[in-house]
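Have a look at the structure below, then the notes.
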Amino acid sequence: MEYKLVLDNISKVFGDGDTSVKVLDHVSLHVKAGEFVALVGPSGSGKSTFLSIAGALLSPSSGRIILGGEEINDLSPKQMNRIRMEKIGFIFQSSNLIPYLTVRDQLLLIPELAGTLNEKAEKRADDLLKRLGLAHRKNNYPESLSGGERQRVAIARAWMNDPEIILADEPTASLDSERGRAVVQMLADEVKLRDKAAIMVTHDRRMLDLCDRVVFIEDGKLLEQTKRMSL
Ligand SMILES: Nc1ncnc2c1ncn2[C@@H]1O[C@H](COP(=O)(O)OP(=O)(O)OP(=O)(O)O)[C@@H](O)[C@H]1O
Ligand SMILES: [Mg+2]
């Protein structure tokens, strides 16, 4: 069985002593190639923390993370950067765009950092912008975009390096339901057609039918499925 992403017995404690908070309490999740997992739970339950750990942005207090067969726990920061750049596409809860870059340049920054900026990368950027309905905004700066447009730029950017693993933190939060669904459908298609793995945090239960599995997080624990119908 090929797992693209394994989180094994992960705990995360913020702070220390009296003020410490245990956000994740020995949680495990295995995501296969071609699998699209939804992560749901109340505000403050640790969803973003979990996603950051899955994407090698944040270290767990204990536990192991295996990305595409490679254990990343003991890697140097430089090696972690490489893994993030090559394997992971992030869509953050806030769109995290760079204020002084145009929409198109936000996308081109990814291949530029990886040393692969060429005509093909430019074509990919233009195609993605078209696919996400942003072609007419490609020379705009983030400040002149709506919240939903910014979110779509962040999604296009996450696609630029053709990542094996897609981690999306409420990617539809500022989109209308039609566009939100189109975006999640695009995620689902990418995962299925190209055997990728994805985890999506969402509060929108209307999106759950597009996912293969729903995982709940509460009180530091993960619970699989079953509650799906009663959400
Ligand atoms: N760097 C940090 N230092 C201390 N506490 C933190 C830190 N980051 C997150 N927390 C705490 O961990 C808990 C989980 O936060 P997290 O952002 O993962 O929640 P979430 O499930 O994503 O919530 P939301 O749905 O509101 O985005 C919260 O109580 C938060 O205050
Ligand atoms: Mg969050």
Side-chain angles (χ1 to χ4, degrees), residues 5-31 36-65 67 72-73 77 80-81 84 88-98 142 146-148 150-155 157-158 163 165-177 179-181 183-184 187 197-211 213-228 230-231:
L5 171 62
V6 175
L7 290 132
D8 179 29
N9 216 9
I10 300 287
S11 294
K12 181 67 184 176
V13 181
F14 284 114
D16 47 29
D18 288 350
T19 59
S20 75
V21 200
K22 190 168 211 174
V23 176
L24 301 173
D25 187 7
H26 297 95
V27 299
S28 297
L29 183 69
H30 293 59
V31 187
F36 185 17
V37 178
L39 179 62
V40 300
S43 179
S45 58
K47 302 180 298 295
S48 296
T49 303
F50 185 81
L51 225 54
S52 301
I53 291 174
L57 278 174
L58 183 70
S59 296
S61 305
S62 64
R64 293 190 315 152
I65 302 136
L67 296 178
I72 63 163
N73 298 57
M80 297 263 256
N81 269 332
R84 278 199 296 271
I88 299 171
F90 264 108
I91 304 162
F92 293 97
Q93 199 166 9
S94 55
S95 57
N96 263 323
L97 300 179
I98 299 166
S146 74
R150 279 180 214 163
Q151 205 156 23
R152 279 180 280 146
V153 176
I155 291 162
R157 185 181 57 182
I165 296 162
I166 297 157
L167 302 172
D169 203 344
E170 294 193 52
T172 62
S174 44
L175 299 177
D176 60 72
S177 60
R179 229 195 259 276
R181 194 163 174 90
V183 159
V184 178
L187 256 161
I199 306 178
M200 173 178 72
V201 170
T202 184
H203 282 122
D204 189 347
R205 70 183 77 164
R206 290 169 303 181
M207 303 297 167
L208 297 183
D209 63 303
L210 294 170
C211 302
R213 259 201 299 157
V214 183
V215 173
F216 293 83
I217 182 168
E218 201 161 15
D219 300 328
K221 302 279 190 193
L222 287 188
L223 298 168
E224 281 277 326
Q225 206 111 56
T226 57
K227 276 208 240 163
R228 182 172 185 159
S230 59
L231 256 184

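As the structure lists them, so they are numbered: ligands from 1, and atoms in each ligand from 1.
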Starting from atom 17 (O) of ligand 1, locate the nearest protein heavy atom and write down its residue, its atom name and how far away it is, to 0.1 Å. Ser48 CB, 3.7 Å
Under 3.5 Å between some N or O of ligand 1 and some N or O of Val23? no
Interatomic distance, Leu24 atom CG to Ile217 atom CD1 [nearest 0.5 angstrom]: 5.0 Å
To check your reading of the model: name the closest protein heavy atom to atom 6 (C) of ligand 1, its residue, and the distance in Å. Phe14 CD1, 3.3 Å
Test item: Lys12 side-chain N/O and Ser59 main-chain N/O as donor-acceptor pair under 3.5 Å: yes
Between the CZ atom in Arg206 and the OG1 atom in Thr172, the distance rounded to the nearest 0.5 Å is 8.0 Å
Hey, are the side chains of Gln151 and Val183 touching, using non-hydrogen atoms and a 4.5 Å cut-off? no
What's the separation between atom CG in Leu167 and atom OG in Ser48, rounded to the nearest 0.5 Å? 11.5 Å
With nothing but distance in play, are any N or O atoms of Gly44 less than 3.5 Å from an N or O of ligand 1? yes
Which of the numbered atoms in ligand 1 are below 4.0 angstrom from a heavy atom of Ser45? 19 (O), 21 (O)
Of all protein heavy atoms, the one nearest atom 16 (P) of ligand 1 is Thr49 OG1, 3.6 Å
Can you tell me how far apart CZ (Phe36) and CD1 (Ile199) are? Round to the nearest 0.5 Å. 10.5 Å
Can you find a heavy atom in the side chain of Val31 that is under 4.5 Å from one in the side chain of Ile165? no
Give the numbers and elements of all ligand 1 atoms closer than 4.0 Å to a heavy atom of Pro42. 21 (O)
Tell me whether Asp204 is salt-bridged to Arg181, with the criterion being a basic N under 4.0 Å from an acidic carboxylate O. no
Considering only the protein, which heavy-atom contact is closest to atom 26 (O) of ligand 1, and what is its distance? Ser43 OG, 2.5 Å
Reported CG-to-CZ distance for the pair Leu67 and Arg84, which is rounded to 0.5 angstrom: 10.5 Å
Is atom 20 (P) of ligand 1 touching the protein, meaning some protein heavy atom lies under 4.0 Å away? yes
Of the protein's non-hydrogen atoms, which lies at the shortest distance from atom 25 (O) of ligand 1, and what is that distance? Lys47 NZ, 2.7 Å
In the complex you have, is atom 13 (C) of ligand 1 within reach of the protein, judged by whether a heavy-atom distance drops under 4.0 Å? yes
For ligand 1, is there an atom lying under 4.0 Å from some heavy atom of Gly41? no
Please tell me if the side chains of Met200 and Ile91 come closer than 4.5 Å, counting only heavy atoms from C-beta onward. no
Please list, in number order, the atoms of ligand 1 under 4.0 Å from a heavy atom of His203. 25 (O)
Answer yes or no for Ser48: is there an N/O/S atom below the 2.8 Å cut-off from the Mg ion (ligand 2)? yes
Nearest protein heavy-atom contact for atom 27 (O) of ligand 1: which residue, which atom, what distance? Gln93 NE2, 2.9 Å
